[in-house]
Chemist: 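Right, I'll just put the structure down here and ask away after.
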Amino acid sequence: MSNTAVDYLAISQQIEQLLVRQNLRGMATLQPHLRPGYILRAAKLINQCHGTVLIGTGFPVLDTFETDGPVGAIGLYQLLQKLGAKPVIVCGDPLYSALKADYQCYQITVNQYNALPAIAEAALAELNPQLVISIERPGFNTNKRYANMRGEDISARCASFDYFVTQASCPTIGIGDGGNEIGMGNLYQQVSALNITPCVTQCDELIVADVSNWAAWALAAMVSVLRDENLLSDANPLAILQYLSAKGSVDGVTRLNTLTEDGLAHTEGEQLIKDLCTVLQGAD
């Protein structure tokens, strides 16, 4: 890639369209309401990071965690490491216990609803992040509770990351694929038209995708364009899925321990990565 005359905004919009082309849960209807170039703006925030970056993830399903979110969080973690930043995955159990041996993690307590703003304030002061990212993390609804895609109240199994985003003094990125995730408060009115209990928590830059994990690969692609190098060459979502499956993950749609994301075969994510690499070649 030669960045002498690269149209970054056009590439960003190309990637933004790729992320919602299947329109599995209405994200293609939300996307036009976002200011174009959000992938580029988020990638610029990531590209300039050399300090601590918090990555909040983990959507509880039954008594375990779903594959969508953690795969992308690990993908972002690997990207940030390459850039010289210090990523920290922020999550509650059982995901925290599954990841802590292999990744720098920070534990937030499940079903803790007292003093949440103070807890987040103390954590932010301790961790001093340069950027906060939320990927497929349940966000507060109007009742300050958490609901899944079926409308079930899952608050008892949720750790709370909302105040990490809203109280951060640094930029924040939210990634979601349904409307109940942190950041979707940016499009509260539009999400309210979907068949979901909308999240009210906002962020600086919202990224919508057919599968939240896929936004990680999209951001890696955009950072690749900015840096004139391919940071997707070793992207391996299947290996991450295998790692998580061995630790008890389930598909959020089927609720089965399979190498899938939101009911989709792992090859769907791999195809997106191939298409993103084609975009990189086009930027050459």
Side-chain angles (χ1 to χ4, degrees), residues 1-4 6 8-9 11-12 14-16 18-19 37-57 69-91 99-100 102-106 123-124 126-137 161 164-165 168-175 182-183 203-207 209 212-237 239-240 243 269 272-277 279-284:
M1 291 179 295
S2 171
N3 285 1
T4 48
V6 176
Y8 294 114
L9 180 58
I11 293 168
S12 182
Q14 201 177 344
I15 292 172
E16 288 157 24
L18 280 176
L19 278 179
Y38 50 87
I39 286 287
L40 173 60
R41 294 191 297 274
K44 283 180 174 177
L45 291 174
I46 288 169
N47 189 40
Q48 66 193 23
C49 280
H50 300 290
T52 299
V53 179
L54 304 186
I55 308 169
T57 195
V71 172
I74 290 171
L76 289 170
Y77 190 103
Q78 293 168 342
L79 171 66
L80 286 156
Q81 280 190 316
K82 288 178 192 171
L83 301 179
K86 302 176 187 68
V88 178
I89 297 176
V90 182
C91 55
L99 299 181
K100 65 179 181 180
D102 302 303
Y103 298 93
Q104 192 69 38
C105 294
Y106 184 91
L124 289 166
E126 177 191 340
L127 298 165
N128 191 27
Q130 197 176 353
L131 178 65
V132 176
I133 305 172
S134 177
I135 177 165
E136 191 66 15
R137 179 79 234 171
F161 191 63
F164 280 74
V165 174
S169 57
C170 61
T172 58
I173 298 169
I175 299 167
I182 286 175
C203 63
D204 292 326
E205 288 294 345
L206 173 62
I207 297 171
S212 293
N213 284 339
W214 297 354
W217 313 125
L219 287 165
M222 195 71 236
V223 174
S224 297
V225 176
L226 293 173
R227 296 176 74 90
D228 196 15
E229 60 178 305
N230 187 351
L231 296 164
L232 277 176
S233 56
D234 58 353
N236 192 343
I240 303 174
Y243 167 81
L272 176 74
I273 290 168
K274 287 178 188 169
D275 294 338
L276 289 167
C277 287
V279 172
L280 297 187
Q281 290 162 5
D284 200 330

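Computed from a predicted model, the values in this text were never measured in an experiment.
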Chemist: Taking only distance into account, with no hydrogens and no angle test, what donor-acceptor pairs under 3.5 Å do side-chain atoms of residues 44-57 form with protein atoms, sequence neighbours excluded?
Modeler:
| from | atom 1 | to | atom 2 | distance (Å) |
| --- | --- | --- | --- | --- |
| N47 | OD1 | R227 | NH1 | 2.7 |
| T57 | OG1 | G69 | O | 3.4 |
| T57 | OG1 | I135 | O | 2.8 |

Chemist: Decide yes or no for R137 and V165: does some side-chain heavy atom of the first lie under 4.5 Å from some side-chain heavy atom of the second?
Modeler: no

Chemist: Does any non-hydrogen side-chain atom of W217 lie less than 4.5 Å from one of L232?
Modeler: yes

Chemist: Side-chain contact, heavy-atom cut-off 4.5 Å: C203 with I173?
Modeler: no

Chemist: Are the side chains of L276 and L272 in contact, using a 4.5 Å heavy-atom criterion?
Modeler: yes

Chemist: To the nearest 0.5 Å, what is the distance between OG (S12) and CD1 (I39)?
Modeler: 6.0 Å

Chemist: Quick one, P87 and Q81 - any side-chain contact, counting heavy atoms below 4.5 Å?
Modeler: yes

Chemist: Are Y243 and L99 close enough that some pair of their side-chain heavy atoms sits under 4.5 Å apart?
Modeler: yes

Chemist: Restricting to salt bridge (Lys or Arg N to Asp or Glu O under 4.0 Å), what partner residues turn up for D275, sequence neighbours left out?
Modeler: R21

Chemist: If you measure from CD on E205 to CD1 on I133, what distance do you get to the nearest 0.5 Å?
Modeler: 12.0 Å

Chemist: Would you compute the distance between atom CD of E229 and atom CG of L280 and round it to the nearest 0.5 angstrom?
Modeler: 11.0 Å

Chemist: Just so I know, are the side chains of N230 and C277 near enough to count as touching, which here means a heavy-atom distance under 4.5 Å?
Modeler: yes

Chemist: Checking V132 against F161 for the side chain to side chain contact (heavy atoms under 4.5 Å, CB included) test, could you report, in this order, the C-alpha distance in whole Å, the side-chain angles of both residues, the deciding distance, and whether it holds?
Modeler: CA-CA 10 Å; V132 176; F161 191 63; 3.6 Å; yes

Chemist: Would you mind reporting whether V223 and K82 have side-chain heavy atoms less than 4.5 Å apart?
Modeler: no

